[in-house]
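Below is one structure, written out as structure tokens; comments come after it.
Note that the coordinates shown come from a computational prediction; the quantities given were computed from them, not determined experimentally. Below, all heavy atoms of this structure are taken into account, side chains as well, without hydrogens, waters or symmetry copies. Order of the sequence lines sets the chain letters (A, B, ...), proteins ahead of strands, with each chain counted from 1.
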2 protein chains.
Amino acid sequence: MSPKTAERPALSRNVVADRALELADSEGIEAVTVRRLAAELGVTPMALYWHFRTKEDLLAGLADRVLDDAEIPDPTGEWQADIRAALLALIAAMRPHPQVAPLVAQRILHHPNGRALTERALRTLSDAGFDKEPAAHLAMQALRAAISAVTADQVDDSGMPAEEREAHLRQKQAMIGALSPQQYPALVAHAAAMTYCPDPDEFFQLAVDLYVAGVRGLAPSR
Amino acid sequence: MSPKTAERPALSRNVVADRALELADSEGIEAVTVRRLAAELGVTPMALYWHFRTKEDLLAGLADRVLDDAEIPDPTGEWQADIRAALLALIAAMRPHPQVAPLVAQRILHHPNGRALTERALRTLSDAGFDKEPAAHLAMQALRAAISAVTADQVDDSGMPAEEREAHLRQKQAMIGALSPQQYPALVAHAAAMTYCPDPDEFFQLAVDLYVAGVRGLAPSR
DNA sequence: ACCTGAACACCGTTCAAGT
DNA sequence: ACCTGAACACCGTTCAAGT
């Protein structure tokens, strides 16, 4: 309750990582600098180096924080349902933090939740009849599919102010609209759908459906 | 033939971008800095600003250079073959430059080859019976699938010296090997396949097969 | 154990100036 | 048209020092 504590609420790995996460969400991942973050926390840049070996370590901490929120679904025994549930769990965890999602790839096997989801995916793909190598590759593909879906949502729009985001959108639509309909008939016809996503949930469903349908199509057993 | 020309071979957008591309391939995208690149070209950092408005513009130039190499395949009329060919063309162009591949996403509609491939994908997906919105989303998914496949190949290994790359690999294998086989039986069993890819071509084939199988599984007509 | 202060080698970029 | 030079506001990080 002391004023000092109120302004500077006891640094720790998680406190720092959480503040960095907020910063990444609101202003983009490139706004997360050691010096900016330290200022945000009312502390010297060097203070952060007590809790993180390096900036790379700090960013890894952000990814870990995202994986902390991943809930491991119960297995049903039905492999299609299980792989779908694993993918959705990963997407749900990363969706609030699209700017950090790309960093999750490198941390997946270093985090208990990441390992649990990977274990689940591998087991499920084995059950589906895949050999070790395709199973491993398809499991990693699932992770990357989740990441690219999450980061594609706003594409490059996340982490920039709302007005700038809109200007960016309109510019993109104008650019497609200016294309020659003779040369790019399909592109012009799909201009709206290419630039604006009315329902993100539907978008993620499609991404998951695509992956599951692909795995089903490649599954050897059956 | 003058010695001056030999050392400083006439700057231009393409000359600068190509040197930057080499730098990204050999030392990683983060080695591409304005100052480093200028030094590499035997020129003042500010010289680059004559040819590029900003560093962002320079990086866009790299992505454009990658797309320059994309060959647009002839349509066959068979939509599965066509979508496969488009994906393979994109992968073939990006494979030599995994460090630059992520930048291609934002340039795809600004480059003639990117537009041609997108047009082809949209047309093909329309032929397959998809509505505008799913067709648009699936086309972008193809692009992202290509990018994540290309960048996954070496994962984080590309752009670092060969010895460090090997050390990194061995460390990763050891880390999985150290896991409890009771807790992570599938993970331990798949350790080799998760960390080492004996045949990249096979890997890319699987990625393409997965996408095509997924689209086939979701196609409404049929 | 936890944080500060000064210093170092880097960044991207502006602006005025040279040829 | 094309490039240089000096300057500015930023980076990440080391190292010694404080409490």
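Contact record, A:I91 with A:A146: CG1-CB, 3.8 Å, taken as the closest heavy-atom pair. Residues A:R95 and A:P200 approach most closely at NH2-CB, 3.9 Å, considering heavy atoms.
Here C:dG5 is the nucleotide among C:dG5, D:dG5, C:dC3 with the atom lying nearest to any side-chain atom of A:M46. Set against C:dG12, D:dG12, C:dC3, the side chain of A:W50 has C:dC3 as its closest nucleotide.
Nearer to the 5' terminus of DNA chain C, by closest-nucleotide assignment, is the contact made by A:A47 (compared with the other of A:A47 and B:A31).
Phosphate proximity of C:dT13 to B:T54: present, with a side-chain N or O under 4.0 Å from OP1 or OP2. Residue B:T33 has a polar side-chain atom (N or O) positioned under 4.0 Å from OP1 or OP2 of C:dC11. The phosphate of C:dC3 (OP1 or OP2) has a side-chain N or O of A:H51 nearer than 4.0 angstrom.
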query = Please, what dot-bracket string fits DNA chain D when only Watson-Crick and G-U pairs with both distances under 3.5 Å count, crossing ones use [ ] and pairs to another strand use |?
reply = ||.|||||...|||||.||

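Enclosure of atom CG in B:D74 is not indicated, since only 12 or fewer non-hydrogen atoms of other residues, nucleotides or ligands lie within 6.0 angstrom.
Taking the side chain to side chain donor-acceptor pair (under 3.5 Å) definition, one finds that A:Y184 meets it with B:R115, sequence neighbours left out.
Side-chain contact annotation: A:H111 with A:D68, donor-acceptor N/O pair under 3.5 Å present.
Looking at A:R144 and A:Q141, their side chains come closer than 4.5 Å, going by heavy atoms from C-beta outward.
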